[in-house]
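Step one of this worksheet: look at the structure below.
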Amino acid sequence: MDFLFKLLLFLQVAVLIVVVQKSTLYVSGNVFEKAALDTFADSYLVKDAHAKQHCAMYGICGSRKDGRALNCPYPTPAVKPDTAFSNKIQSLCPTITGDVCCTPDQFDLLRSQVQQAVPFLTGCPACLRNFLNLFCEFSCSPDQSLFLNVTSIVKEGTVSSVEGLDFFVTEEFGKNLFDSCKDVKFGSMNTRAMDFIGAGAKTFQEWFSFIGAKAGLYAPGSPFAIRFRTSAPKLSSIRPLNTTMVPCWDSSLSCSCGDCPTAKYCSQAPPTPTNHTSVCAVHIGGNQIRCIDLAMGVIYVMLLLGIAIWWWNSGRVKKMTTQEIAEPLLFAQGTSQDLPPTSGSIEIVPLEVHGEQDTSKEKVSWSFTEVLLSSWFRSQGVWIARHPGLVLLASISIVALLCIGLVRLEVETRPEKLWVSPGSTAASEKNFFDTHLAPFYRIEQLIFSTIPDGKQNLLPPIVTDQNILLMFDIQKKIDELRGNFSGKLVSLQDICTKPLGNECATQSILQYFRMQRSEFAQYGGVSHAAFCFQHYTSSAPCLSAYEAPTDPKTILGGFSGTNYSEATTLVVTYPVQNFVDESGKANAESVAWEEAFIQLAKENLSSMAAAHNLTLAYSSESSIQFELQRESSADVPTILLSYLVMFLYIAISLGDYQPSIAPFYVSSKVMLALSGILIVALSVLGSVGLFSALGIKSTLIIAEVIPFLVLAVGVDNMCILVHAMKRQDARLTVDDVLVMPWLKLDPQSHWQVCLRF
């Protein structure tokens, strides 16, 4: 009897294996339609086909021709994983605990597939978590059979694999998942992540339709068809998936306002702090001013008025006796202002000013500040006049010492450092963004445009087979281009941005042909490009070489609406890696390639474009910096010429006009002019050397503004000093001049010499 029972059990198992391997299985609700043995299979398999702790598919049983794995269609109970495998699952799918419906191979395949979407969604943790949960439940949930229903299988020999299935989810689940991801931005491409992972879907139905579409051979996507359904068949035990979705504004996995604009903290203004205590305020001209602010303003104005009144009164109280403004510089011997005995027997003849002599005196009021400054400057001048050699030696030594700092001279040419204050809000925000996220990539661009025809002066379309083939020729030269950085050859492949693999994220019309000239004729030439203009997010043949859509708005210009075929401009953009580095050395390889890129565009690519009746405009991330350096070098001749002109002007204008020798004879002051120009130049070099020694970078304003400013001030001072010296008697010694009373000159008189020419 025991033998017969074992024999019967063995026959049942044998028949079951035959049914599983030989029949093509179609599942609908709880009904299995088979080619044979329907009643037996129903009684053995179907009664628990959709139940908790049961799998709808388990393991990998086959693969497509492109090598993509296909799951086994066998309903089995959920399997308890070992500790290592359980921890591995928890690292990616924290919601999956206990038994699972996936093997280690299935889980590794799941991990590799979802990793492709992580770069697009990593900016919004809530969306990324919900997206991962969707596929974790699909692949490994222990209750998989409750919401998955295999609808068709494919057989290869004796092995059956899943070909299609239904994935039951509630509308609430789908809507919440889509809402958490619909506004997420993909920063590297400056567009919505949904354009990449959902073909620009506007609803969760469109997104699920894109995710579940069966991909063609060697194309990205699902290897089998997944039909998302929101309603289960009647009288079935299917329960649509409705796990909790984390909203994008959840505090634990919150997203930024750019990725989650519907969050309350983004749409609502910050609450105004309430203050129940009464605040004193005054209404002036429709503006409400707090009493404390008004009181502080009144006190400030009264303080300024008090200082001004005190200053004016102090000037009236303190008076001093001085000569008239137009008084001669020297006095005749025998007057009350006789020279000291040191003058000997020299007879001093007073000079006439403005053609007349007036020795009358008057009382002039001087403020305390003017008296103090005048006394200090006079004492300084007296000391310098008595020690000319020491002053000259000390001045030259100090300037020479400061000029040593020029060995550390660095000129700042980075635009963001020149035009943005280091302590500004914009600089601090950019620094925070660059250090916590990543700096925006460097941009290299080529812009091709058509030339108006001679008849109607209209711009012809640029999207033609001839022009696209020209783009392939130009791209070949770009790929062959090498920049030289300290002996190392740098190519575009070495520095370009690669968001999704090993291919550069070049924005070009050639991406519709995967940057391969051989694909141009195979895809149908310009007609394929026109097709991709309208289906760049939904058609796999339109994907770029780096497996992402190429928006025609980023590669075309000169069109209206969506008439992309009428475009008159082709734009080729090369995003290049950028690094945060104050010294700029981290981007040195990129700068070296950019320099070679500009040279190639100027010398070679421009002529290639002109041969096809196209114009070419080009730029690189370093273009502004290169232009600033060129401008600074171009200003050197102008500065030298201006100094030469001022040298001649000083030498001639400050010379002595001697008509007795010749009608236009002027005794020039060559040494005076040379000395004055030299002093101006040394003052600029000394100041630059000082700040260079302190590690402060110089800017272009030093080379373009400061020399002219210092030159103007220096020339003006030379005019004043020379004019004063000419009014003195040449026979006086230094001591005779120093003991003479202080004299205020006519403030306009020193311009007479400088302006007489």
Side-chain angles (χ1 to χ4, degrees), residues 50 52 56 89-98 100-102 107 110-111 113-149 165-186 192-213 221-222 226-232 238-268:
H50 299 293
K52 287 186 176 183
I89 294 176
Q90 285 287 304
S91 65
L92 182 69
C93 307
T95 59
I96 305 298
T97 59
V100 295
C101 284
C102 59
F107 182 79
L110 167 67
R111 180 186 291 274
Q113 290 177 340
V114 297
Q115 286 297 329
Q116 299 177 10
V118 170
F120 298 100
L121 305 177
T122 187
C124 183
C127 168
L128 179 60
R129 172 43 51 203
N130 294 335
F131 184 81
L132 294 178
N133 286 347
L134 171 69
F135 288 97
C136 286
E137 296 288 340
F138 175 83
S139 301
C140 296
S141 173
D143 300 327
Q144 187 187 73
S145 64
L146 287 178
F147 49 82
L148 287 186
N149 188 39
L165 55 82
D166 288 343
F167 190 171
F168 293 89
V169 297
T170 63
E171 289 192 7
E172 180 184 5
F173 175 90
K175 187 177 184 303
N176 291 340
L177 174 61
F178 180 77
D179 288 344
S180 67
C181 296
K182 64 180 180 181
D183 295 310
V184 175
K185 304 296 187 299
F186 181 40
R192 290 197 320 155
M194 191 58 65
D195 293 340
F196 294 89
I197 64 172
K202 304 300 182 182
T203 63
F204 78 89
Q205 291 90 346
E206 294 179 0
W207 189 18
F208 285 167
S209 177
F210 174 79
I211 293 176
S222 175
I226 305 174
R227 184 174 62 164
F228 287 86
R229 300 177 61 180
T230 56
S231 59
I238 291 178
R239 297 294 180 264
L241 181 64
N242 191 26
T243 58
T244 303
M245 292 286 102
V246 182
C248 60
W249 59 82
D250 185 84
S251 58
S252 60
L253 297 172
S254 60
C255 307
S256 66
C257 290
D259 296 327
C260 186
T262 58
K264 294 182 179 180
Y265 52 79
C266 299
S267 59
Q268 296 179 356

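These numbers come from the heavy atoms of this one structure, side chains and all, not from hydrogens, waters or symmetry mates. This one's a predicted model, so the numbers in the text were calculated from it and none came from an experiment.
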Worksheet item: Do you know which two heavy atoms are closest between Cys127 and Leu121, and how far apart they sit?
Response: SG-CD2, 3.6 Å

Item to complete: For Lys175, enumerate each residue passing the side chain to side chain donor-acceptor pair (under 3.5 Å) test, keeping only those at least two apart in sequence or located in another chain.
Response: Asp179

Worksheet item: What's the spacing between Lys185 NZ and Cys124 SG if we round to 0.5 Å?
Response: 10.0 Å

Worksheet item: Checking disulfide (SG to SG under 2.5 Å) for the pair Cys102/Cys140: CA distance, chi angles, key distance, verdict?
Response: CA-CA 5 Å; Cys102 59; Cys140 296; 2.1 Å; yes

Practice prompt. Please assess Leu177 against Val169 for the test side chain to side chain contact (heavy atoms under 4.5 Å, CB included), listing each intermediate value before the final yes or no.
Written response: CA-CA 11 Å; Leu177 174 61; Val169 297; over 6 Å; no

Fill in: Phe138 CZ to Cys101 SG distance, which is reported to the nearest 0.5 Å
12.0 Å

Worksheet item: Any ion pair linking Arg227 and Asp166 (charged N to carboxylate O, less than 4.0 Å)?
Response: yes

Fill in: Test side-chain contact (heavy atoms from CB on, under 4.5 Å) applied to Glu171 - qualifying residues, sequence neighbours left out
Phe204, Thr230

Worksheet entry | Those residues that, when tested against Arg239, pass salt bridge (Lys or Arg N to Asp or Glu O under 4.0 Å) (two or more places apart) | none

Worksheet item: Which value, rounded to the nearest 0.5 Å, describes the distance between Leu110 atom CG and Gln115 atom CD?
Response: 9.5 Å

Practice prompt. Check side chain to side chain donor-acceptor pair (under 3.5 Å) between Ser256 and all other residues, then give those that pass, not counting sequence neighbours.
Written response: Asp259

Worksheet item: Roughly how far apart are Ser141 OG and Leu148 CG, rounded to 0.5 Å?
Response: 8.5 Å

Item to complete: Any chance you could measure Leu241, atom CG, to Glu172, atom CD, to the nearest 0.5 Å?
Response: 11.5 Å

Response to the item:
CZ (Phe107) and CD1 (Ile96) are apart, to the nearest 0.5 Å, by 10.0 Å

Response to the item:
By side chain to side chain donor-acceptor pair (under 3.5 Å), Ser251 pairs with (sequence neighbours left out) none

Fill in: ring-ring contact (aromatic ring centres under 6.0 Å, His included) against Phe147, all qualifying residues, sequence neighbours excluded
Phe167

Worksheet item: Are Arg129 and Thr95 close enough, and set up right, to give a side-chain hydrogen bond (donor to acceptor under 3.5 Å, both in side chains), and what steps lead you there?
Response: CA-CA 10 Å; Arg129 172 43 51 203; Thr95 59; over 6 Å; no

Item to complete: Determine the minimum heavy-atom distance between Ser139 and Gln144, stating which atoms define it.
Response: O-NE2, 3.3 Å

Practice prompt. Go through Val184 and Phe120 one step at a time and tell me if the side chain to side chain contact (heavy atoms under 4.5 Å, CB included) criterion holds.
Written response: CA-CA 8 Å; Val184 175; Phe120 298 100; over 6 Å; no

Item to complete: Would you check, one step at a time, whether the test side chain to side chain contact (heavy atoms under 4.5 Å, CB included) holds for Asp183 with Met194?
Response: CA-CA 8 Å; Asp183 295 310; Met194 191 58 65; over 6 Å; no

Practice prompt. Please test Ile211 against Ile226 for side chain to side chain contact (heavy atoms under 4.5 Å, CB included), starting from the C-alpha separation and ending with a verdict.
Written response: CA-CA 8 Å; Ile211 293 176; Ile226 305 174; 5.6 Å; no

Discussion item. Would Cys260 and Cys248 count as a disulfide pair, i.e. SG atoms separated by less than 2.5 Å?
Written reply: yes

Worksheet item: Side chain of His50, backbone of Leu146: donor and acceptor closer than 3.5 Å?
Response: no

